[in-house]
S.K.: 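Next up is a structure, given as structure tokens.
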Amino acid sequence: MALRDIITLPDSKLRLISKPIERVDAELNRLIEDMLATMYEAPGVGLAAIQIAEPIRLLVADASPKEGPREPMALINPEILWSSDERRTYEEGCLSIPEYYEEVERPASVRVRYIDRDGKEQERLAEGLLATVLQHEIDHLNGVLFIDYLSKLKRDRVIKKFAKIARHEGKGIL
Ligand code: K1U
Ligand code: ZN
């Protein structure tokens, strides 16, 4: 198990559309272990593979209460089958946009189909924080960031801020 570097704005890889996974094998399971360790270390409640520069349709999440036991999940090729009309606003963050939080409104519940780490097809109804996190992570697989739901003014402001930081750190821009 290894901790992996999380890429941040303005890394253009964050805008890639991740490719479906064709085989669930030991190598993929090692990557899942690395992603879970990286997510817990960050700390975060979700992580998409593209955030560690792997453009494949894989995400991990754990939206369990802080006091309770961990509930790690790994979703391979996840798809949203159904979204509720009811919506919920949650203050979102993103490990690829560090220390920036804004309220985003999304469907309150979603039904998701995915392949688990044993290669079995699963369906799960997610509500509350888990529903928000799964939608945020599935967006990452499609190159969508939570700042895309904000006004152009707010989005441009945050992109500019991270581009400036990258210039100072000698990185490229989006
Ligand atoms: O995808 C990511 O960048 C991870 C992100 C997931 C997320 C958080 C909140 C709403 C939607 C999606 C994070 O985990 S940011 C860090 C965070 O929210 C957190 C960190 C420690 C404890 C609890 C939450
Ligand atoms: Zn994110």
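Order of listing sets the numbers, starting from 1, for every ligand and every atom in it. Below, all heavy atoms of this structure are taken into account, side chains as well, without hydrogens, waters or symmetry copies. Count residues from 1 along the sequence.
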S.K.: Could you check whether D148 pairs with R15 (Lys NZ or Arg NE/NH1/NH2 to Asp/Glu carboxylate O, under 4.0 Å)?
M.R.: yes
S.K.: At less than 4.0 angstrom from any non-hydrogen atom of V45, what atoms of ligand 1 do you find?
M.R.: 6 (C), 7 (C), 8 (C), 13 (C), 14 (O), 23 (C), 24 (C)
S.K.: Measure the distance from atom 4 (C) of ligand 1 to every protein heavy atom, then report the residue, atom name and distance (to 0.1 Å) of the closest one.
M.R.: G46 O, 3.1 Å
S.K.: To check your reading of the site, what angle at the Zn ion (ligand 2) do NE2 of H140 and SG of C94 form, to 10°?
M.R.: 110°
S.K.: Within ligand 1, which atoms have a heavy atom of G93 less than 4.0 Å away?
M.R.: 5 (C), 7 (C), 8 (C), 9 (C), 15 (S)
S.K.: One residue to check: Q51. Relative to ligand 1, which of side chain, backbone, both or neither has a non-hydrogen atom less than 4.0 Å away?
M.R.: side chain
S.K.: Any atoms of ligand 1 less than 4.0 Å from a non-hydrogen atom of E137? List them with their elements.
M.R.: 1 (O), 2 (C), 4 (C), 6 (C)
S.K.: Report yes if the side chains of N29 and V24 come closer than 4.5 Å at any heavy-atom pair, otherwise no.
M.R.: yes
S.K.: Looking at E92 and R106, is there a salt bridge between them, counting it only when a charged N and a carboxylate O are closer than 4.0 Å?
M.R.: yes
S.K.: I'd like to know if E33 and R117 make a salt bridge, using a cut-off of under 4.0 Å between side-chain N and carboxylate O.
M.R.: yes
S.K.: Is a side-chain donor-acceptor pair under 3.5 Å present for D62 with Y40?
M.R.: yes
S.K.: Out of all atoms in ligand 1, which are within 4.0 Å of some heavy atom of C94? Include the element for each.
M.R.: 3 (O), 15 (S)
S.K.: Between E102 and K154 (salt bridge meaning N to carboxylate O under 4.0 Å), is one present in this structure?
M.R.: yes
S.K.: Using a 4.0 Å heavy-atom cut-off, say whether H136 meets ligand 1 through its side chain, its backbone, both or neither.
M.R.: side chain
S.K.: Whether D11 and K13 form a salt bridge (side-chain N of Lys/Arg under 4.0 Å from carboxylate O of Asp/Glu) is what I want to check.
M.R.: yes
S.K.: How close does the nearest protein non-hydrogen atom get to atom 3 (O) of ligand 1, and which residue and atom is it?
M.R.: L95 N, 2.7 Å
S.K.: Using a 4.0 Å cutoff against the non-hydrogen atoms of P43, which atoms of ligand 1 qualify?
M.R.: 16 (C), 20 (C), 21 (C)
